[in-house]
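Below, read A as the first sequence line, B as the second, and so on, with proteins coming before strands; counting in each chain starts at 1.
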Amino acid sequence: MSFSDKILTWYLENKRDLPWRDTLDPYKIWLSEIILQQTRVAQGIPYYHRFIEAFPKVEDLAIANEEKVLKLWQGLGYYSRARNLHASAKMVVEEFNGTFPKTYTGLIKLKGVGDYTASAISSICFNERQAVVDGNVYRVLSRYFGVNIPINSTEGIKSFKKLAIEVLHPTNIRDYNQGIMEFGAVQCTPQSPNCSSCPLAGGCVALEMGTVKDLPVKIGKTKIKKRFFNYLVPLEHRKSDETLTQLRQRKGKGIWQNLWEFPLLETEREIGLEDIEIRHSEVLKFKRPPEISLFNSDFIVHKLSHQHLYTQFWILEGPFYRTNAIPISNLENYPVPVLIAEFMKTFKF
DNA sequence: AACACGGGGTT
DNA sequence: AACCCAGTGTT
């Protein structure tokens, strides 16, 4: 039995019942694939349901405000996925009359659709002969065939893609592709893979050589940068029994593009109350000196994959010049980073 | 070729 | 703390 037949047989007996497995609708498969980029299935499932409910068809997504799309995406991370998702929905509706491209070549032109995603959609929806190479596939192929070329080197990317094409199933591309990924996610896991009950143990080079735990090989380490964020939370208590505050939308490059946050003073190092008293006007203008207090005595350290944000929330009470001022009851409508959402949940406005 | 881009789960 | 997740786009 060939490698691909073993994978396919295993899959047909072990596949999970996932929400997007009951359809070949390119819209739904595309949505699931974008959500699942660098994201675990368990984390993505509730988002998939919410998007399908809010936007049953690609036309619904295309006519939505970006604000609403980002709000639904809040908490998933890599927000360029949401912006590109929205842009591609518009492309499909406006340029292709609402019909998704039916080929790898057509699909890869969509924003946010790269080699992996174009291969996944074209093979799953149309059984096109394209090989998917995601993190699971790198792991399974490197172990079974004993390949120690670094998976994130240029040579590795090329040679694993070539190998993936060579071992593709002859006919059932659709199920084989999902099968090899599922096999990596469930059976041939990163740590403590279940080799003792593996249907592919016979023929697995890494198992034979005792190198399972060393594969796949990955080079380079992400250097983590430290940043110091001082959020200035303005509060103006009005007689109308309403409290005003202010949010701003992040623009330009960097993290959290197009999401909202409180006025931010970023510094090179930790600063204290005296510094805030002097510098708050760089960020936010008050009509008279505000009453300032620190919300969190210890840093809130928000960890991203490549930076740690040492964060202090400063509460500034007093009347301020209200461009973009909003009542606190409206805060929930804005798409915000998890760091800000956690603060809003904890702070007693 | 290297880096930026989130947040959460697992060990 | 380190690694990884159904990767893509930019520099």
**OP:** Report which part of the nucleic acid A:G75 touches: base, sugar-phosphate, or nothing (heavy-atom distance under 4.0 Å, all strands).
**Re:** sugar-phosphate
Protein-nucleotides 2-4 of chain C N/O pairs closer than 3.5 Å?
residue	atom	partner	partner atom	Å
C:dC4	O2	A:R40	NH2	2.9

Subject >> A:E53 atom CD: more than 12 heavy-atom contacts under 6.0 Å >> reply: no
Subject >> Interface residues of residues 19-26 of chain A with DNA chain C (non-hydrogen, below 4.0 angstrom) >> reply: A:W20, A:R21
Original post:
When we call it a touch if two heavy atoms are under 4.0 Å apart, what does A:L18 touch: a base, just sugar-phosphate, or nothing?
Top reply: base
**OP:** Ignoring hydrogens and angles, tell me if any N or O in the side chain of A:N127 forms a donor-acceptor pair with the backbone of A:R174 under 3.5 Å.
**Re:** yes
Original post:
With distance as the sole criterion, is a donor-acceptor pair present between the side chains of A:T39 and A:R81 under 3.5 Å?
Top reply: yes
Original post:
For DNA chain C, whose closest nucleotide is more 5', that of A:N84 or that of A:S32?
Top reply: A:S32
Original post:
Got a sec: does the CD of A:E59 have more than 12 other heavy atoms crowding it under 6.0 Å?
Top reply: yes
Original post:
A:V113 near the nucleic acid: base, sugar-phosphate alone, or nothing, with a heavy-atom cut-off under 4.0 Å?
Top reply: sugar-phosphate
**OP:** Check whether any side-chain nitrogen or oxygen of A:K253 sits under 4.0 Å from OP1 or OP2 of C:dT11, and answer yes or no.
**Re:** yes
Subject >> Euclidean distance, atom CZ of residue A:R174 to atom C1' of C:dA6 [Å, nearest integer] >> reply: 17 Å
**OP:** May I ask you to verify if any side-chain N or O of A:W256 is less than 4.0 angstrom from the OP1 or OP2 atom of B:dG7?
**Re:** yes
**OP:** Could you check whether A:G44 gets within reach of a base, just the sugar-phosphate, or nothing at all, counting any heavy atom under 4.0 Å?
**Re:** nothing
Original post:
For A:Y138 and C:dG7, what is the distance between atoms OH and C1' respectively, to the nearest whole Å?
Top reply: 9 Å
**OP:** Answer yes or no: is there an ion pair linking A:E236 with A:K287, defined by an N-O contact shorter than 4.0 Å?
**Re:** no
Subject >> B:dG7 phosphate, OP1 or OP2, under 4.0 Å from A:Y79 side-chain N/O >> reply: yes
**OP:** Can you run through DNA chain C from 5' to 3' and write each base as (, ), [, ], | or . depending on how it pairs? Watson-Crick or G-U wobble, both distances under 3.5 Å.
**Re:** |||||.|||||
Original post:
OP1 or OP2 of C:dA1 sitting under 4.0 Å from any side-chain N/O of A:K303?
Top reply: yes
Original post:
Contact class for A:L76 (heavy atom, under 4.0 Å): base, sugar-phosphate, or nothing?
Top reply: base
Subject >> Crowding at CG, A:D22 (>12 non-hydrogen neighbours, <6.0 Å) >> reply: yes
Original post:
On a whole-Å scale, what distance lies between the C1' atoms belonging to C:dC3 and B:dG6?
Top reply: 15 Å
**OP:** Scan A:Q307 against the nucleic acid and name what it touches under 4.0 Å (heavy atoms): base, sugar-phosphate only, or nothing.
**Re:** sugar-phosphate
Original post:
Within the structure shown, what part of the strands sits under 4.0 Å from A:D115 by heavy-atom distance: base, sugar-phosphate, or nothing?
Top reply: sugar-phosphate
**OP:** Specify the residue among A:I219 and A:H306 whose closest nucleotide of DNA chain B lies further upstream toward the 5′ end.
**Re:** A:I219
Subject >> Closest-nucleotide 5' rank along DNA chain C - winner of A:Q43 and A:T117 >> reply: A:Q43
Subject >> Side-chain N or O of A:Q38 closer than 4.0 Å to phosphate OP1/OP2 of C:dG7 >> reply: yes
